[in-house]
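Below you will find the structure I want to go over with you.
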Protein chains: 2
Amino acid sequence: MNKEKVKDRIIRVASDLFYKQGFNSTGINQIIAEADIAIGSLYNHFPSKNELLQVCLIKEELEWFKGFEEHTSQLSSPKDKLLTLVDFRKKLQDSTNFAGCHFIKIISEVGESNLAVSDFVRNHKEKQKTLINEIVIELSEKQSINVNEVTETIFLLLEGALVVSTINKNTKGFDHAKKIIQELVF
Amino acid sequence: MNKEKVKDRIIRVASDLFYKQGFNSTGINQIIAEADIAIGSLYNHFPSKNELLQVCLIKEELEWFKGFEEHTSQLSSPKDKLLTLVDFRKKLQDSTNFAGCHFIKIISEVGESNLAVSDFVRNHKEKQKTLINEIVIELSEKQSINVNEVTETIFLLLEGALVVSTINKNTKGFDHAKKIIQELVF
DNA sequence: GTCTATAAATAGATAGAC
DNA sequence: GTCTATCTATTTATAGAC
């Protein structure tokens with residue numbers, strides 16, 4: 001058993017296509033072709049392409065935090081956690097052939113014309129920042145730092161590294177960000 | 001006289017629409033309607049929507065560097081130039097209602113499926129980095145710094161601030177980036 | 001060089017049989 | 001709950017008159 005359900009297959013195929021070629025460049029016909037279903041089945045599971053997108057984003061967020069958890073759950077020092085966060089994001093970029101951040105991509109495409117999506121992305125990035133903040137708070141028990149400032153610096157450096165990495169198709173930005181974070185944290 | 005030519009009007013209208021609502025979400029019909037021309041005229045000036053996009057990107061790059069030049073031409077100290085660069089990008093974001101970076105937006109939408117565009121964006125960001133690098137070199141004559149490292153840090157912070165600013169619709173990222181740069185430079 | 005008319009393909013979505 | 005057939009609108013682009 002353990003066979004992938006039709007609904008999950010649609011989500012997986014659509015997520016992948018939306019990410020790789022863009023939401024607007026991906027037609028319903030291509031999704032049903034690659035998921036090997038009929039169009040009626042798709043609309044049985046999802047009321048519209050836009051609703052499907054939102055479900056995809058939820059899945060992608062869950063996978064992101066799950067991936068991070070798996071990378072850092074065995075680490076104890078906050079410094080290691082921060083450096084591993086950089087490695088994790090770098091690895092994600094490598095494994096997707098530098099396709100970039102799901103959430104930055106979709107907000108670049110739909111802008112504020114799709115409030116459900118832009119709100120979701122805003123919220124997602126806030127969660128990522130909270131995650132950094134929690135680690136920096138741990139760190140502040142060991143060394144004297146300005147928690148909010150260090151959090152913001154790391155957050156900005158990582159978002160910058162991701163964008164630059166996507167444009168240049170290399171990981172130099174991440175390597176530099178890691179170096180700076182290493183100097184910030186000891 | 002000094003009347004805007006049809007070709008320039010098309011470029012201006014298309015640039016604005018591509019930026020505000022996205023390239024794929026902007027149809028030829030909307031462009032000709034807002035430029036108040038017939039579709040035959042558009043295709044007389046541009047062979048395809050994709051060629052029109054490339055001309056728009058060239059115009060946007062020219063305007064970006066022209067705007068920066070106007071902001072910094074009267075400044076003499078490298079420190080002022082760097083801080084004004086932050087102010088310039090912050091101001092651009094403010095004046096476009098946080099619509100983000102033209103070049104990050106388009107690469108998020110077309111990815112690597114459009115090599116002419118992705119190459120152009122790569123090249124553009126390299127030019128921005130070179131601009132930062134030139135100021136940092138000036139700075140290195142006054143204070144002892146690692147030129148490449150400071151350049152890369154400022155570049156990453158600014159790209160990060162821009163992306164975060166676009167998502168959050170505020171300028172906090174820029175304010176923080178400016179603070180860090182002020183600490184880096186004295 | 002600008003116009004109208006139209007082509008040819010594809011978009012997202014619905015109806016209704018099974 | 002999956003299928004086929006179909007609808008309506010819209011897409012980019014072309015042809016040819018003026």
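Chain naming here is simple, since letters A, B, ... match the order of the sequence lines and numbering starts at 1 in each.
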Expressed as a whole number of angstroms, how long is the span from B:Lys49:NZ to D:dA13:P? 8 Å
Salt bridge present between A:Lys91 and A:Asp94 (N-O < 4.0 angstrom): no
In whole angstroms, how far is the C1' atom of C:dG12 from the CZ atom of A:Phe46? 16 Å
Rounded to 10 degrees, the angle between the two terminal axes of the helix from C:dG1-D:dC18 to C:dC18-D:dG1, each from five pairs: 0°
At under 4.0 Å between heavy atoms, what does B:Ser25 touch on the DNA or RNA strands: base, sugar-phosphate, or nothing? nothing
Once you round it to whole Å, what is the distance between C1' of C:dA11 and CD of A:Gln21? 14 Å
Which distance, rounded to the nearest 0.5 Å, do you find between the OG1 of A:Thr166 and the NZ of B:Lys125? 11.5 Å
For the pair made of CD1 in A:Ile28 and C1' in D:dA9, what is the distance, rounded to whole Å? 15 Å
Rounding to a whole Å, what distance do you find between B:His45:NE2 and C:dT2:C1'? 8 Å
Whole-Å distance, A:Asn44 CG to C:dA13 P, equals 15 Å
Check A:Lys129 with A:Glu159, please: is the shortest side-chain N to carboxylate O separation under 4.0 Å? no
Rounded interatomic separation in angstrom, taking NZ from B:Lys3 and C1' from C:dG1: 13 Å
Categorize A:Gly40 for me: base, sugar-phosphate, or nothing, with a 4.0 angstrom heavy-atom threshold over every strand shown. base
Between A:Phe68 and A:Lys81, is there a cation-pi geometry (under 6.0 Å to ring centre, at most 45° from the normal)? no
Among the nucleotides C:dC3, D:dC3, D:dA13, whichever has the atom closest to the side chain of A:Ala38 is D:dC3
When rounded to the nearest 0.5 angstrom, what distance separates CZ in A:Phe174 from CG in A:Leu162? 4.5 Å
Would you classify B:Ile39 as touching base, sugar-phosphate or nothing, given that sugar-phosphate means primed atoms plus P, OP1 and OP2, and contacts are heavy atoms under 4.0 Å? base
Under 4.0 Å from OP1 or OP2 of D:dC3: is there any side-chain N or O of A:Ser41 that close? yes
Rounded to the nearest 0.5 Å, what separates atom CD1 in A:Ile106 from atom CG in A:Asn24? 7.5 Å
Within the structure, does a side-chain N or O atom of A:Tyr43 lie under 4.0 Å from either OP1 or OP2 of C:dA13? yes
Which comes earlier along DNA chain C counting from the 5' end, the contact point of A:Pro47 or that of A:Asn29, where each point is its nearest nucleotide? A:Asn29
Please report, rounded to the nearest Å, how far the P atom of D:dT4 is from the CD1 atom of A:Ile32. 9 Å
Can the ring centroids of A:His102 and A:Phe23 be said to lie less than 6.0 angstrom from one another? no
